[in-house]
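Beneath this line is the structure, given in structure tokens, with notes to follow.
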Amino acid sequence: MTAARPAAPQTPRGMPAPAVAAVRLGVRDAVADLPPGALVLVACSGGADSLALAAAVAFVAPRRALRAGLLTVDHAWDDNSRTRAEEVAAQGRALGLSPVEILAAPSPRSEGAARDERRKALLAAARRLDAHAVLLGHTLDDQAETVLLRLARGSGARSLSGMPALDGLIRRPLLGLRRDQTRQACQFLSLPYWEDPTNADPAFARARTRSRVLPVLEAELGPGIAQALARTADLLRADAEALDELADATYSDLTAAPGPELGQGQEPERDAAGSAPGPAARVELEVEALAGLSQAVRSRVLRRAALTAGSSASALRAGHVWAIEELVTRWRGQRPVPLPSGVLARRTGGRIAIVGPDTPIVAEAAESGERGPAHPAHNQEDRPVSQAATAKPDNDRTSNPTDESARARIHPDIDDILVSQEEIAAKIAELAARVDADYAGREILLVGVLKGAVMVMADLSRALSVPITMDFMAVSSYGSTTSSSGVVRILKDLDRSIEGRDVLVVEDIIDSGLTLSWLLKNLRSRGPASLEVLALFRKPEAITVDVDLRYVGFDIPSAFVVGYGLDYAEHYRTLPFVGTLTPEAIARRA
């Protein structure tokens, strides 16, 4: 660990430093409602925030007749992670905390994946130890970064309300304190803390926000940006809680078989992937009743229904909810909407059914009152459905063909069309308009990632109005299989320097994100003035590392797809749409 031991601030005899007192006060307020004898656990990484929190809990707990312990999570991101975890555990014991445990929670090198695994491990340990609360060391600075990141991603009021101080078993006592205060507290108490290198790694969006974005905002707009963002979160939280309360009541009224009772704005407990445990549920809602709701309430009701059916909370995005809404507000006979975790939303007659992946479609058709028996071919077509919920009606055989003859007329090897030629053209025009607005008055260097991005690059470049130049890289991690290998190779490098240039990387599809993460780190080392990514397709459930995408066309299910530049064994790139292959075609070219 990196020790931080400058001369301790001088305070009157017997008085703690102001920073120490502030942390202790935050802890005291956070545990004031707990009964005597309750167990409080501190989640500690060894950083200044959580270590200052652990020291404060060790001080406050016995004075409130509480028991206090410490949990540290080992994500196994490097060879030294276990050693660091043992050092943190030793610090916890030295502070007098008990029990002290190291929780193994291996995860991909991704902030999101690590956060999910960490939450799962902490909550499981808290239940096993019968703890009343788990305290996390998030500060006002963390809150500001969270709000800014979510704002950049186009989030709604719930997301922009940031991290709540009280979240079930989890409590965050330090949301009103600055990061500098926790460091000062550690320094005064002579507690050596660890500086996590990922906090300065530009591969992580939060690290860039912390080291680059917020300092620029402070310099250009004046001091107090972090406090303003945190205040915005507090204001939005009040609004979001009121809407959530209304939506929860509405959901209970609309569902024939309501899910488990939840508190205001509370969501079902999730596993590490954000999915609800146990068998997937089925939720049905009347279209007429949904149509009569305000958009703010309706979107919350539909999101609650998707989560209840088993969709991943971390992967369920606003675009998914909007697509379900269009089954209500813009019904044109479109195909069912695929949601994360294999959940499916479909409209049958006057009802919206949201079902988990294990719900039999034959039973679904019978229960919903459809006339006639469910046909096996109908069952097959409802699973790999179009990402774009505004696709053409089902009886239009130019999109998502449902019989062998229609499929053969398009291409005999295509099983299902996920995104049509028309949808791609419209999306390219939309993305080009956004790029033109963002880069007005500047010249862009488009960097196409061969070979798949050729189609996107060509159509995008013709649709742009701003000045552009083009270059290409060939970076491969696929070979001839249907899943990413994770092995990165440069097959062709850029022909010119990108130093000082505004670079826009153009990708066809983001699968695991491993290749793109490596490529961005490589390109940042070359000193571009700016570096952004445009990807036509993204598979949210397949992503294993944090990658920032400024422009995204379509989110699609985690299936192997071909067309519009995407290949299988170097075939199918020239198809004007994107679709899945038949099992026979895959076997033939394997």
Side-chain angles (χ1 to χ4, degrees), residues 317-339 344-347 381-403 405-437 448 452-465 506-510 534-540 549 551-557 559-568 571-582:
R317 302 175 184 273
H320 295 122
V321 178
W322 293 339
I324 309 174
E325 281 207 73
E326 291 201 329
L327 296 178
V328 178
T329 61
R330 298 183 62 194
W331 175 244
R332 299 183 303 283
Q334 58 261 38
R335 298 291 303 276
V337 177
L339 304 174
L344 189 74
R346 64 193 300 264
R347 174 166 171 166
E381 73 166 350
D382 268 0
R383 286 309 177 196
V385 292
S386 171
Q387 166 63 24
T390 56
K392 298 178 180 178
D394 289 345
N395 60 1
D396 184 341
R397 295 309 177 100
T398 64
S399 178
N400 297 304
T402 61
D403 60 28
S405 61
R407 187 154 55 214
R409 287 196 298 272
I410 293 176
H411 195 289
D413 290 349
I414 296 300
D415 186 45
D416 209 9
I417 296 177
L418 296 185
V419 186
S420 70
Q421 180 177 359
E422 294 77 12
E423 290 168 338
I424 291 173
K427 185 60 68 174
I428 290 289
E430 174 191 323
L431 292 173
R434 290 176 54 195
V435 173
D436 279 338
V454 169
M455 304 297 183
V456 187
M457 186 89 154
D459 288 347
L460 177 69
S461 62
R462 287 194 296 265
L464 290 171
S465 300
V506 180
E507 274 274 28
D508 50 353
I509 190 167
I510 308 301
L534 181 149
L536 188 56
F537 301 103
R538 172 176 61 184
K539 297 179 182 178
L549 306 178
Y551 309 99
V552 179
F554 302 91
D555 280 344
I556 62 174
F560 185 74
V561 292
V562 297
Y564 200 71
L566 300 166
D567 78 300
Y568 178 44
H571 292 76
Y572 311 108
R573 291 191 192 277
T574 57
L575 295 176
F577 52 79
V578 167
T580 57
L581 290 172
T582 64

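Remember, predicted model here, so these are calculated numbers, not experimental data.
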Val419 side chain reached by Phe577 side chain, heavy atoms, under 4.5 Å
no
Which residues share a side chain to side chain donor-acceptor pair (under 3.5 Å) with Glu430, sequence neighbours left out
Lys427
Testing the basics here: between Ile428 and Ala463, what is the closest heavy-atom pair and its distance to 0.1 Å?
CG2-CB, 4.4 Å
Go through the structure and list residues passing side-chain contact (heavy atoms from CB on, under 4.5 Å) with Met455, not counting sequence neighbours.
Tyr564, Thr574
Side chains of Val562 and Val578: closer than 4.5 Å at any heavy-atom pair?
no
Is there side-chain contact between Leu581 and Asp415, with at least one heavy-atom pair below 4.5 Å?
no
Heavy-atom distance under 4.5 Å between the side chains of Ile414 and Thr582, does that happen here?
no
Run the side-chain contact (heavy atoms from CB on, under 4.5 Å) test against Thr329 and tell me which residues pass, sequence neighbours left out.
Arg298
Walk me through whether Leu344 and Val337 qualify under side-chain contact (heavy atoms from CB on, under 4.5 Å).
CA-CA 6 Å; Leu344 189 74; Val337 177; over 6 Å; no
Taking Ser420's backbone N and O only, do any of them form a donor-acceptor pair with Glu423's side chain (distance below 3.5 Å, no angle check)?
yes
Kindly write out the residues that satisfy side-chain contact (heavy atoms from CB on, under 4.5 Å) with Val454, not counting sequence neighbours, or none if the list is empty.
Leu450
Out of curiosity, Asp508 CG to Asp567 CG, how far, rounded to the nearest 0.5 Å?
9.0 Å
So, does Arg573 use its side chain to make a donor-acceptor pair with the main chain of Gly565 at under 3.5 Å?
yes
pair Leu566-Tyr572: side-chain heavy atoms closer than 4.5 Å:
no
Under the side-chain contact (heavy atoms from CB on, under 4.5 Å) rule, what do Val552 and Phe537 come out as? Steps first, then yes or no, please.
CA-CA 7 Å; Val552 179; Phe537 301 103; over 6 Å; no
Rounding to 0.5 Å, atoms CZ (Arg538) and CZ (Phe554) come to a distance of 12.5 Å
State the CG-CG distance between Asp459 and Leu431, to the nearest 0.5 angstrom.
11.5 Å
Give the intermediate values and the outcome of side-chain contact (heavy atoms from CB on, under 4.5 Å) for residues Leu536 and Ile509.
CA-CA 6 Å; Leu536 188 56; Ile509 190 167; over 6 Å; no
Can you list the steps and then say if Leu534 with Val456 is a side-chain contact (heavy atoms from CB on, under 4.5 Å)?
CA-CA 10 Å; Leu534 181 149; Val456 187; 4.2 Å; yes
